[in-house]
Each structure stands twice: as structure tokens, then as C-alpha cells.
Amino acid sequence: VQLQASGGGLVQTGESLRLSCATSGSISSITTVAWYRQAPGKLRELVAGISTGDSTTYADSVKGRFTISRDNAKNTVYLHMNNLKPEDTGVYHCAADKVWSAIREGRPSSWGQGTQVTVSS
């Protein structure tokens, strides 16, 4: 599966962005699609994930502000980011795997290129 992330940009604190992760194949056959982010000098962090059953998981730092969703007809997963903060700045990657544990452990089998999100204060 090939993944293509897009939608990043430069915004101010409190603004919103929507990231898109387009896949080359049917995402209905993929167990979980997730978004990770990496900020300069920090470890890569699992931000959100969504399963084929639409179960979702979020990092504590984004709960209530970010929403992950999937459109199987468009083979696309979205990350809606509201009330953005400077600490949300980083490169956001989408990734996919059939096994949730691989997502949780940061070793999914498929990675997309990153999209930069910068939140100014």
C-alpha cells in the first residue's frame, strides 16, 4: 500500500487544518491507518489511529481537538485538527498496517511521506 499525505501548512494558534492520507489501494482491507508526528528534537509520536471498524485512538495531547476519520469510497483517511497549538508543530506522517500492535509500537508496514504543520504563537 502506498500512502500520500497532504494538507499541512503554516497556521496561527487556535486555527484549524485538515490533513489527508490518500492510499493506493482499498483501505477497507487495512486494519488500522494512523497519523504520527515528529517535532524537532523529539521522538516520533502516535497522534491518532482508526481501524476498519472505525474504532479510534488518540494521544492524550490531542484528545478533544483532533478527529481522525476514514472515507473508504475515496480510500482516504483524514485528520481534522482544531484549536492548534505551537506544540502541535511537526512533520505528520500517515501509516498503515493490518496489525494494531505494529501501529502502537511505531513499526507499521507502510509509511507515507510527511507533511509539515507549523503553528505560530
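Side-chain atoms are counted along with the backbone in the values below, which use heavy atoms only and exclude waters and symmetry mates. Sequence positions, counted from 1, serve as the residue numbers for this chain.
For the pair Arg37 and Tyr92, the cation does not sit on the ring face, since its NZ or CZ is not both under 6.0 Å from the ring centre and inside 45° of the axis.
Judged purely by atom type and a 3.5 angstrom limit, Arg44 uses its side chain to pair as donor or acceptor with the backbone of Gly106. Side-chain N or O atoms of Asp71 include one that pairs as donor or acceptor with a backbone N or O of Lys74 at under 3.5 Å. With hydrogens and angles disregarded, a donor-acceptor distance shorter than 3.5 Å links the side chain of Gln113 to the backbone of Ala5.
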Next item on the list: Show your working on side-chain contact (heavy atoms from CB on, under 4.5 Å) between Arg65 and Asp88 and close with a plain yes or no.
Entry: CA-CA 11 Å; Arg65 300 188 297 121; Asp88 295 318; 2.7 Å; yes
Next item on the list: Any chance you could lay out the side-chain contact (heavy atoms from CB on, under 4.5 Å) test for Lys85 and Ser61, step after step, and finish with the verdict?
Entry: CA-CA 10 Å; Lys85 304 175 180 181; Ser61 59; over 6 Å; no
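Using a 4.5 Å heavy-atom cutoff, the side chains of His80 and Ser69 are in contact. For the pair Thr118/Val11, no side-chain contact is recorded, criterion being any heavy-atom separation below 4.5 Å from C-beta on. Between Ser121 and Gln12, the closest side-chain pair of non-hydrogen atoms is not below 4.5 Å. Thr13 places a side-chain heavy atom less than 4.5 Å from the side chain of Val119. Residues Leu19 and Thr115 form a side-chain contact, since some pair of their non-hydrogen atoms from C-beta on lies under 4.5 Å apart. Side-chain contact between Trp35 and His93: absent, with no pair of heavy atoms (C-beta onward) separated by less than 4.5 Å. Counting only heavy atoms from C-beta outward, the side chains of Tyr36 and Cys94 never approach each other to under 4.5 Å.
For residues 54-86, no residue pair satisfies the disulfide (SG to SG under 2.5 Å) rule, not counting sequence neighbours. Applying the ring-ring contact (aromatic ring centres under 6.0 Å, His included) test to every pair with at least one member in residues 46-66, sequence neighbours left out, gives no pairs at all. The disulfide (SG to SG under 2.5 Å) analysis of residues 33-62, with sequence neighbours excluded, yields no pairs.
The two residues Thr76 and Ser20 come nearest to each other via the heavy atoms CG2-CB, 4.2 Å. Among all heavy-atom pairs drawn from Ile103 and Pro108, the shortest one is CD1-CB, 3.7 Å. Residues Ala34 and Leu46 approach most closely at CB-CD1, 3.7 Å, considering heavy atoms.
By the ring pair (Phe, Tyr, Trp, His ring centres under 6.0 Å) test, Trp100 pairs with no residue at all, sequence neighbours left out. Residues meeting the salt bridge (charged side-chain N to carboxylate O under 4.0 Å, His left out) test with Lys63, sequence neighbours left out: Asp60. Residues passing the salt bridge (charged side-chain N to carboxylate O under 4.0 Å, His left out) test with Glu15, sequence neighbours excluded: none.
Between the side chains of Ser16 and Asn82, at least one donor N or O sits under 3.5 Å from an acceptor N or O.
By the rule that hydrophobic residues join a cluster once side-chain heavy atoms approach within less than 4.5 Å of another member, Met81 and Val47 end up as members of one cluster. Under the 4.5 Å side-chain contact rule for hydrophobic residues, Val1 and Tyr78 do not share a cluster. Hydrophobic clustering (ILVMFWY, side-chain heavy atoms < 4.5 Å, transitive): Leu17 and Val62 are in one cluster.
The side-chain contact (heavy atoms from CB on, under 4.5 Å) with Asp54 is formed by just one residue from the set Thr52, Thr56, Ile50; it is Ile50.
Within 6.0 Å of the CD atom in Gln2, the count of heavy atoms belonging to other residues, nucleotides or ligands does not exceed 12.
If you take CD on Gln38 and CG on Leu43, they are separated by 7.5 Å, rounding to the nearest 0.5 Å. The distance from the CZ atom of Arg70 to the OG atom of Ser51 is 7.0 Å, given to the nearest 0.5 Å. Atom CG of Leu3 and atom OG of Ser110 lie 5.5 Å apart (nearest 0.5 Å).
A salt bridge between Asp97 and Arg107 is absent, with no side-chain N of the basic residue lying under 4.0 Å from a carboxylate O of the acidic one.
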